[in-house]
Amino acid sequence: MPRVLVGLVVVSCAIESEFPSASTDIATSDIAMSVKATAGAGGSPVIVNLSVGPDAPLPLNLVETDRLVVRLPKGDLPMVRQANGVYGADLGLAEGDLHVMILRTVDRPLDFPIFVPPSFVIHAPTSASRAAPLNITWDVGAGPYSLELDVTDDGTPHCVVPAHRPLSFDSGSYTFNPYELAYSQPLDLGTCTASVTIQRTTFGPGNVVATQTRTVTFGSRP
Amino acid sequence: MTTRMSFLLLMIGCTSYQASPAAPYELLPPSDKFASSALAFSVDAQSNGLKTEIRVIVNASGRKVQLVGSDALFASAADTSRVPLNGFPSFVIPRPTEVVSEQYVGLLATQTTRVTLVFTRAGLADETASIDLPPPFTLRTPVSAPRSSPITIGWESSPSDAATLLFKGCGPSFMRPLGTDTGSFTLQPADLMTQGKCTLVVTMTRTRVLANTGPGFPRAESLVTQTRTVTLETTP
């Protein structure tokens with residue numbers, strides 16, 4: 001009989017842990033928030049994960065007067081719950097200093113400042129030979145943020161050697177050497193569609209990541 | 001009580017068995033058990049322009065083999081005398097005491113691009129092969145360069161080869177492969193993650209794989225490499 005009781009308690013705990021906590025029961029100091037803002041040409045979603053608990057955090061849903069907003073210069077943008085503990089909004093063309101905030105009446109508000117790096121446009125040729133220099137340019141922005149440049153192909157077929165370039169500063173320009181993106185002979189064959197992706201990233205206090213990403217494609221030939 | 005004692009003894013027995021040292025290295029088959037035509041010699045020859053290091057791994061029937069008895073390897077070049085290739089690294093196995101060598105290494109003070117490899121058995125030159133290295137080259141860089149501008153490294157090109165450049169010393173190290181050796185590489189201003197003055201170490205390698213899997217000596221692929229290194233001072 002005691003074994004049955006222990007089993008029921010274990011099952012009960014397992015079921016309990018799958019339910020999100022209600023925010024009004026939680027002090028602000030116990031709420032954990034991670035923010036991922038991914039601004040790109042096709043939209044600028046910002047995703048916030050709310051949780052509570054130190055070791056195995058449970059998803060947290062905001063109820064009653066608790067609200068999650070992105071504070072923009074033009075006003076507050078409400079965030080909509082997408083799943084248990086997950087909230088989203090589209091920043092549109094917003095960039096620069098923003099605040100993700102939990103506004104509440106039961107306790108003090110929670111404020112996560114984020115810096116969304118400035119938007120930019122990539123300029124690359126529509127078609128390029130791997131035997132020639134490949135010059136890529138973009139708009140130089142004001143930091144601080146880290147910058148990464150990636151070149152890859154769509155795999156139909158593979159014709160470009162993938163390149164990842166962490167850049168020490170926003171130079172606004174990067175030139176690949178002739179054959180730097182080419183496989184060695186006799187593997188360097190064919191044409192394919194390649195892409196250049198540039199990503200500006202900032203990391204805020206706590207678990208806050210904001211990126212500004214752009215991608216352009218170009219035809220790569222021998 | 002008897003049961004508990006038996007269990008305890010069993011535990012001690014298990015502990016004692018697990019604590020006994022396992023043989024750290026397996027003895028390699030001796031080369032004199034094979035006809036010389038059954039031995040395959042994988043050669044790795046690397047030149048820095050002044051010296052060429054030769055490393056050979058001997059295989060037979062898909063396993064590494066140790067040279068024993070009168071079996072020996074030598075290397076020579078036109079501008080230097082013959083040197084023996086000695087076993088390296090050598091592991092000493094305690095019981096019974098044995099020395100195991102997984103590869104055979106020698107250093108030739110040669111500036112030529114052709115190395116002659118000789119396998120001897122019973123003191124006689126049993127088999128001989130010429131190993132040709134890629135064309136030599138000299139790296140050219142400015143003595144000092146500002147990182148605010150592109151930095152160009154030049155050398156004698158070899159369009160039939162690939163090339164790999166390694167950059168060390170100014171931030172995290174990174175490699176830049178070139179599918180075709182054009183004889184030039186330009187480093188971009190944002191490539192170096194550093195501040196202030198720093199010494200940049202540039203190493204370029206030109207490697208070829210020599211397929212030799214036929215019946216003729218050395219009966220295995222050879223990897224031949226030319227490597228050069230230069231340093232330059234960089235400033236912001």
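Here is how names work: the chains are called A, B, and so on, in the same order as the sequence lines, proteins then strands, and each is numbered from 1.
Under a cut-off of 6.0 angstrom, the local environment of CZ in B:R140 is crowded, with over 12 non-hydrogen atoms contributed by other residues, nucleotides or ligands. Within a 6.0 Å sphere centred on CD of A:Q82, other residues, nucleotides and ligands contribute more than 12 heavy atoms.
The parts of B:T186 that come within reach of chain A are both its backbone and its side chain, each placing non-hydrogen atoms under 4.5 angstrom from that chain. With a 4.5 Å cut-off on non-hydrogen atoms, B:L192 touches chain A through its backbone but not through its side chain. For chain B, the nearby parts of A:Y174 are the backbone and the side chain; heavy atoms of each come within less than 4.5 Å.
Residues of residues 150-159 of chain A placed with any heavy atom under 4.5 Å of a heavy atom in chain B are absent; none qualify.
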Exercise. How far apart are the C-alpha atoms of B:E53 and B:K51, what are their side-chain angles, what is the distance that settles it, and do they pass the salt bridge (Lys or Arg N to Asp or Glu O under 4.0 Å) test?
Worked result: CA-CA 7 Å; B:E53 184 185 75; B:K51 293 178 178 179; over 6 Å; no
For this session: Report the C-alpha distance between B:E233 and B:K197 in whole Å, list the side-chain angles of each, state the deciding distance to 0.1 Å, and finish with yes or no for salt bridge (Lys or Arg N to Asp or Glu O under 4.0 Å).
Result: CA-CA 7 Å; B:E233 298 301 318; B:K197 289 184 178 179; over 6 Å; no
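Classified by interplanar angle (parallel below 30°, tilted 30° to 60°, perpendicular above 60°), the ring pair B:F41/B:F217 is perpendicular.
Contact count against chain B (heavy-atom pairs under 4.5 Å) is highest for A:P166 among A:P166, A:S171, A:P178. By number of non-hydrogen pairs under 4.5 angstrom with chain B, the leading residue of A:D170, A:L167, A:L181, A:L147 is A:L167.
Nearest heavy-atom pair across B:T180 and B:P159 is CG2-O, 3.4 Å.
Between B:T52 and B:L133 the shortest side-chain heavy-atom distance falls below 4.5 Å.
The only option from B:L165, B:T138, B:V230 that meets the side-chain contact (heavy atoms from CB on, under 4.5 Å) definition with B:W155 turns out to be B:L165.
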